[in-house]
Structures are given as structure tokens and as C-alpha cells.
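Values in this document were obtained by computation on a predicted structure and should not be read as measured data.
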Amino acid sequence: IYIYAPAPYRSSEHAITFSRADQWLNFDHPRKYPLLVDLVIRESMVKKVLVDGGSSINVTFPQTLLALGVALKDLTESDTPFFGIVPTEGEYPLSHIYMLVTFGTLENYRTEFLRFEVASFDCGYNAIIDRPGLAKFMAFSHYSYMILKMSGPQGIITMRADFQGTTECFRGAIQAALTTRPPTTS
């Protein structure tokens, strides 16, 4: 029997840990808020990107692509349905697209191509990074500390949550809930 040691993953040379030193804010209810970060997609800064980790697809929305200068007619048809974003039986995305995504700072950053399913509706978020994106970047989130960490060429990249974006998304969700009436039953 031959046993070979697995080849190390790219960008796995730095140990990622979390400690009390990562706490940068005091929260009244830790883990209550979504983890939103700012990152670069197609060389443009994109705010209000949800780090989810609970789904098997990355998602973006028509308004985001239009803001990035992507014509919706140029997208590739998708065959990947998704569930759970809207309270229905399921949704077929308009299409999918591969885009360059960058996390980090000018001094320490990582860039990877990620596949995004393009939803047929817009959302308060500009994109959702889920398990495929987190795995590609080998990123780890900590919802109590509201940070995302990954290995970069100059050490660990730490991304703090964008609370302004979180507040805007909460306000939008509350407004939508207040203006959306459930169907009446006869």
C-alpha cells in the first residue's frame, strides 16, 4: 500500500485563528447581524456583499451587473436552480457569469475567479458569497467577531463587517415587509 501525503492547497501556508484580539466592537446581540463586506469585483469596489456560507452557490443580481457594466444579454444560460432566497418553491437564475473577485488591501490581497448565478430579481445585497466562494478563497467567518479571514501573500487578510451596509439592508427589509401584504384568503 502506498500512502501519499496530500499536496498542500494554494494559499494554505498561514494558520487562521480567532481570539479575543479579533473583537473590535461590542454587540448587544452577537450573531444577530449578517456579515457584509466590501470587496472588488471586476476591478470595481462593491459594497453590501453578504458572506453566507450556508448555500452551494454564489449569487449576484441584475442591478449589480448593470452597475459593473455587464450587459445581461451577454450572460451564459444557467441550469442551476436555487432555493431559499425568496419564499417560493424555487428559482431558476437568469444566467451565470464568472468574475474576478478580490478580497483584502493594496498591501495584502487575494484574487480568484468565482462563478455567480444571476438571480431574476434584485435584492438589498449586491452579491452573496457562499460555500463555493469561501472554499475557493479558503476563507473563514466568525459571526460573533463579525470578521472574515483568509490567507494572503503577506499573511492573514482580515475583513471587518460593513455595518453601514448592514443598516441599509435592514432598513430595506423592514420597509419591504411593511409594504408587502400577504395574500388575502376568501
Side-chain angles (χ1 to χ4, degrees), residues 11 31-88 90-106 108-143 145-152 157-176:
S11 299
R31 300 168 300 281
K32 173 182 175 183
Y33 304 100
L35 179 54
L36 299 185
V37 296
D38 301 341
L39 50 82
V40 175
I41 300 177
R42 291 178 52 116
E43 300 182 3
S44 295
M45 178 59 73
V46 178
K47 295 183 168 292
K48 296 192 285 185
V49 176
L50 175 65
V51 175
D52 188 18
S55 182
S56 61
I57 60 173
N58 302 308
V59 180
T60 193
F61 304 93
Q63 68 184 9
T64 305
L65 293 178
L66 293 174
L68 292 172
V70 176
L72 298 181
K73 64 179 177 56
D74 296 335
L75 300 175
T76 305
E77 185 176 341
S78 182
D79 60 356
T80 305
F82 57 83
F83 302 86
I85 294 178
V86 291
T88 63
E91 171 82 19
Y92 269 95
L94 290 175
S95 54
H96 72 267
I97 184 172
Y98 287 88
M99 297 188 288
L100 274 176
V101 175
T102 302
F103 284 95
T105 64
L106 290 174
N108 190 23
Y109 63 90
R110 290 261 317 276
T111 301
E112 301 283 354
F113 271 104
L114 293 184
R115 176 180 167 150
F116 289 87
E117 302 305 317
V118 181
S120 61
F121 54 89
D122 286 316
C123 177
Y125 307 122
N126 288 311
I128 302 172
I129 304 289
D130 258 301
R131 285 192 318 260
L134 295 174
K136 184 109 181 220
F137 279 96
M138 295 186 65
F140 298 91
S141 58
H142 196 295
Y143 289 93
Y145 294 141
M146 296 302 286
I147 59 175
L148 179 71
K149 289 187 177 187
M150 67 192 70
S151 184
I157 298 168
T158 300
M159 307 281 298
R160 290 182 173 175
D162 168 19
F163 280 104
Q164 180 179 353
T166 298
T167 302
E168 290 171 13
C169 287
F170 266 166
R171 284 186 184 142
I174 289 169
Q175 185 64 32

Would you check if [X] and [Y] make a side-chain contact, meaning some heavy-atom pair closer than 4.5 Å?
X      : Y      : value
Ile97  : Val70  : yes
Asp38  : Met45  : yes
Phe113 : Met99  : no
Leu134 : Val51  : yes
Met138 : Ser151 : no

Practice problem: For the pair His96 and Tyr98, name the ring-plane relationship: parallel under 30°, tilted 30 to 60°, perpendicular over 60°. | Solution: perpendicular
Quiz item: Has Arg171 got more than 12 heavy atoms of other residues, nucleotides or ligands less than 6.0 Å from its CZ?
Solution: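 Open: at most 12 neighbouring heavy atoms sit under 6.0 Å from CZ of Arg171.
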Quiz item: Does CD in Gln164 sit with more than 12 non-hydrogen atoms of other residues, nucleotides or ligands closer than 6.0 Å?
Solution: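 No, because the 6.0 Å sphere around CD of Gln164 holds 12 heavy atoms or fewer from other groups.
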From [atom1] ([X]) to [atom2] ([Y]), nearest 0.5 Å:
X      : Y      : atom1 : atom2 : answer
Thr60  : Arg115 : OG1   : CZ    : 13.5 Å
Asn108 : Thr158 : CG    : OG1   : 9.0 Å
Asp162 : Met146 : CG    : CE    : 9.5 Å
Ile147 : Ile157 : CD1   : CD1   : 13.0 Å
Ile41  : Leu114 : CD1   : CG    : 8.5 Å
Leu94  : Ser78  : CG    : OG    : 9.5 Å

Self-check item: Residue pair Leu65, Val118: steps toward the side-chain contact (heavy atoms from CB on, under 4.5 Å) verdict
Solution: CA-CA 9 Å; Leu65 293 178; Val118 181; 3.5 Å; yes
For [Y], does its backbone N or O pair with a side-chain atom of [X] as donor and acceptor, under 3.5 Å?
X      : Y      : answer
Lys149 : Ser141 : no
Asp122 : Gln63  : yes
Asp130 : Asp52  : no
Asn126 : Thr64  : no
Glu112 : Thr102 : no

If every non-hydrogen atom of [X] is compared with every non-hydrogen atom of [Y], which pair is closest and at what distance?
X      : Y      : result
Gly124 : Cys169 : O-SG, 3.4 Å
Phe121 : Pro62  : O-CD, 3.2 Å
Pro132 : Ser56  : CG-O, 3.2 Å
Pro34  : Thr166 : O-OG1, 3.7 Å

Exercise. Begin with the C-alpha distance, continue with both residues' side-chain angles, and end with the deciding distance and a verdict on side-chain contact (heavy atoms from CB on, under 4.5 Å) for Ile128 and Val49.
Key: CA-CA 6 Å; Ile128 302 172; Val49 176; over 6 Å; no
Exercise. May I have the step-by-step check of side-chain contact (heavy atoms from CB on, under 4.5 Å) for Phe140 and Leu148, ending in yes or no?
Key: CA-CA 6 Å; Phe140 298 91; Leu148 179 71; 5.9 Å; no
Exercise. Decide yes or no on side-chain contact (heavy atoms from CB on, under 4.5 Å) for Ser95 and Leu72, but give the supporting numbers first.
Key: CA-CA 9 Å; Ser95 54; Leu72 298 181; over 6 Å; no
Quiz item: Only one of Val59, Val101, Ile57 forms a side chain to side chain contact (heavy atoms under 4.5 Å, CB included) with Phe116, so which one is it?
Solution: Val101
Quiz prompt | Distance flag, aromatic centroids of Phe137 and Phe103, threshold under 6.0 Å | solution = yes
